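Only one structure is covered here, and it is reproduced in the block below.
Small disclaimer: the values here were computed from a predicted structure and weren't measured. We count ligands from 1, going down the list as the structure has it; atoms in each ligand are counted the same way. FYI, the numbering just counts along the sequence from 1.
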Amino acid sequence: MTTVDLPRVSVTDAPLGGPSLPQERRLVTAIPGPKSQALSARKTAAVSAGVGVALPAYIVAAGGGVLIDADDNSLIDLGSGIAVTGVGNSAPRVVAAVAAQLAQFTHTCFTVSPYDSYIEVAEALNRLTPGDHLKRTALFNSGAEAVENAVKFARSFTGKQAVVAFDHAYHGRTTLTMALTAKNVPYKDGFGPFAPEVYRAPMSYPLRDGGLNGVEAAKRAILQVEKQVGAGNMAAMILEPIQGEGGFIVPAPGFLPTLLEWCHANNVVFIADEVQTGFARTGDMFASNHEGIVPDLIVLAKGIAGGLPLSAVTGRADIMDAPKPGGIGGTYGGNPLACAAALATIESYESDNLVNRAREIGAIMTERLGALQQADARIGEVRGRGALMAIEIVDPATGEPDALLTGRVAAAAHAQGVIVLTCGTYGNVIRFLPPLSIPDHLLFEGLQVVADALGAL
Ligand SMILES: Cc1ncc(COP(=O)(O)O)c(C=O)c1O
C-alpha cells in the first residue's frame, strides 16, 4: 500500500472566523481546489460512503456571509449549514458565551447533576413560542431526536399510538423519523423496516394540487385520515408549517388552521416541526405565527444555538408533563455548552431584531428571484418567506420538474463560489437560506451568480 503525504490544515494556520473575515467572494483556485481535493481523497478512504457532501470545498473559517475553504477561496454562504447559523458563524456573542461556559464546566448530564442554563433556555422557549398558555420544554441534541420525543409526549398524553405525517415531509433519519419522512431515495432506501403506526396524508402544494385552497386541501387530508386511520387511534399529527427538504412548500392559507381545529376536536396532538423554519428564519420568530396557529407541541433545533447541537420540544404543560419522571432524557440533551450558545443566540435574535433582518433579506430575494422568473419560464414558482426562499425549476412546456437542470445550476453556482442547496421530492428546487448576518452586497452577488448560471444553461 502506498502512502500519500496529504496536507493538513491546522487550527493555527486557519484564519479566525466570525464577522472579522473579509466579506467578499474570492476564487483563488478552481473549486474544489487542490487542498480540498486531497481532503476529499482522505474522506473517501476514512468516512462512510453513505455520508454525502454537497460541495467538497473543506472549510477552515466562516463568518458574516462567507465560508473560507482550505485553498483560501471565500465562498458566499446561501445555505447556513442547512438553516443553522442564522446569527452567523462564530457570532461574537455565541463565542464569548461558549468560551465562558467551557472554562466553568463542560458536562454533568442534566438528569444527574442539573444546572441553571437548561432551565433558562426552557424559560426562553416557553416565552417565545406561539401561545400564552402554560408550557414546558425538554432539550435534546438533534432535530430527529426532538421529533421522536414529541411523538413520545403525544402518545403518553393521549394513550393512543398512530401518527399522521404528510406527503413531502422531512422529519429526520432515525427509525421513527425515517418512517415520518416521505422521500425514499436517499433517506429511506434500504433502511427498513420502519416504525409502525405511521400514516401519510396529502399535503397542500399550491403549484401541484390542482388549485385546491387551504381549507379544501385540509378537508381532503382529514377525510383520508378519518377513513384510513381513525381519530380514535391517533396520538398526533405532525407537519412542517413550511416544508423544508420536501421543497420549501408553503401550504395554501387556511390549511394549517383547519387541521389544527380538527386535531383539537379529536384529542389529537398537533405537532409543528419548526426545526428548519424556527428562529426568525421566515421573518417571524416561528413560521406558525404567519398563520396565527398555536401548535400543541413545537419541535425546534437548527437555528436555536448558533451552530452548537441542541434541539427542543416545547408545548402544552399537560402534554409535556404526561410521561413518568425519568421517561424523557439522554446523556447530552441540553448540554451546558449548547445551552450557553442558545442563550446568546436567542439574545441576538431578540436584541439585534433579526426577525426584521430576515424580512429585509426576504424582500431582496423576492424581488431578485421574481425578476428572474419573469425573464425565464423555467422557473415555475418562487416561494417561501423571509430568509427561506426557493425556486422550483420546471420544463416550461409541460410544467414537469426538471431535476437535471436544477443540479446543473447548483453545480455551476458552486464552481463560482456560491453555496446553494437543492431540495424537493422531485429534486427540482433550489433553496436559499442565507445567514441573517450576510451583508446585502454578498446576497445580491450570490443571487446574480445563480441567475447567470441558469442563464448560461
Ligand atoms: C423539518 C425538519 N425536521 C427534522 C429535521 C432533522 O433534524 P436533524 O438533522 O437535526 O436530526 C430536519 C433536518 O433537516 C428538518 O428540516
Side-chain angles (χ1 to χ4, degrees), residues 50-54 79-86 129 138-152 154 163-183 186-188 191 194-195 198 200 203 236-251 256 270-282 286-288 290 295 297-315 330 332-335 338 341-342 345 384-390 421-425 427 429 431-433:
V51 181
V53 169
S80 299
I82 321 187
V84 170
T85 50
T129 48
L139 300 180
F140 306 98
N141 300 287
S142 68
E145 190 190 1
V147 169
E148 294 246 358
N149 278 278
V151 171
K152 283 163 69 173
V163 181
V164 167
F166 283 78
D167 285 337
H168 314 290
Y170 182 89
H171 297 291
R173 296 171 182 266
T174 58
T175 300
L176 174 58
T177 57
M178 270 194 296
L180 295 168
T181 290
K183 192 172 177 176
Y187 306 126
K188 304 165 75 162
F191 298 142
F194 304 111
V198 171
R200 199 159 303 286
M203 180 64 189
M237 178 177 274
I238 180 164
L239 76 173
E240 303 150 81
I242 300 175
Q243 288 185 319
E245 309 298 304
F248 281 20
I249 301 166
V250 186
L256 299 172
F270 184 98
I271 304 172
D273 179 347
E274 292 234 24
V275 166
Q276 192 152 165
T277 52
F279 294 102
R281 177 56 54 189
T282 62
F286 300 100
S288 295
H290 295 291
L297 299 181
I298 183 162
V299 185
L300 304 166
K302 289 191 186 283
I304 192 173
L308 272 81
L310 186 73
S311 63
V313 181
T314 297
Y332 288 114
N335 168 271
T345 300
R385 288 189 202 277
L388 181 148
M389 298 284 302
L421 306 169
T422 59
C423 65
T425 297
V429 177
R431 54 177 153 170
F432 301 93
L433 293 162

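- Within the 4.5 Å cutoff, side-chain heavy atoms of Leu239 are placed close to those of Leu256.
- With a 4.0 Å heavy-atom cut-off, ligand 1 is reached by the side chain of Glu245 but not by its N, CA, C or O.
- Listed by atom number, the atoms of ligand 1 under 4.0 Å from Ser142 heavy atoms are 10 (O), 11 (O).
- In this structure, Asp273 is part of the shell of residues with a heavy atom less than 4.0 angstrom from ligand 1.
- Ligand 1 is approached by Lys302 to a heavy-atom distance shorter than 4.0 Å.
- Glu145 and Ser311 share no donor-acceptor pair across their side chains, judged by distance under 3.5 Å alone.
- Heavy-atom proximity to Ala144, at under 4.0 Å, picks out these atoms of ligand 1: 6 (C), 7 (O), 8 (P), 11 (O).
- Side-chain contact check for Glu240 versus Gln276: every heavy-atom pair is 4.5 Å or farther apart.
- The N/O atoms of Gln276, backbone and side chain alike, include one that comes under 3.5 Å of an N/O atom in ligand 1.
- Residues Glu148 and Thr177 are in side-chain contact: their nearest non-hydrogen atoms beyond the backbone lie under 4.5 Å apart.
- Counting atoms of ligand 1 from 1 in the listed order, those under 4.0 Å from a heavy atom of Glu240 are 1 (C).
- Counting protein heavy atoms under 4.0 angstrom from atom 11 (O) of ligand 1 gives one or more.
- Counting heavy atoms from C-beta outward, Glu245 and Tyr187 have side chains that approach closer than 4.5 Å.
- By the 4.5 Å heavy-atom criterion applied to side chains, Phe286 and Leu300 are counted as neighbours.
- Phe248 has its side chain within reach of Leu433: a pair of non-hydrogen atoms, C-beta onward, lies under 4.5 Å apart.
- Taking distance alone, with nitrogen or oxygen atoms compared against 3.5 Å, Gly143 approaches ligand 1 more closely than that limit.
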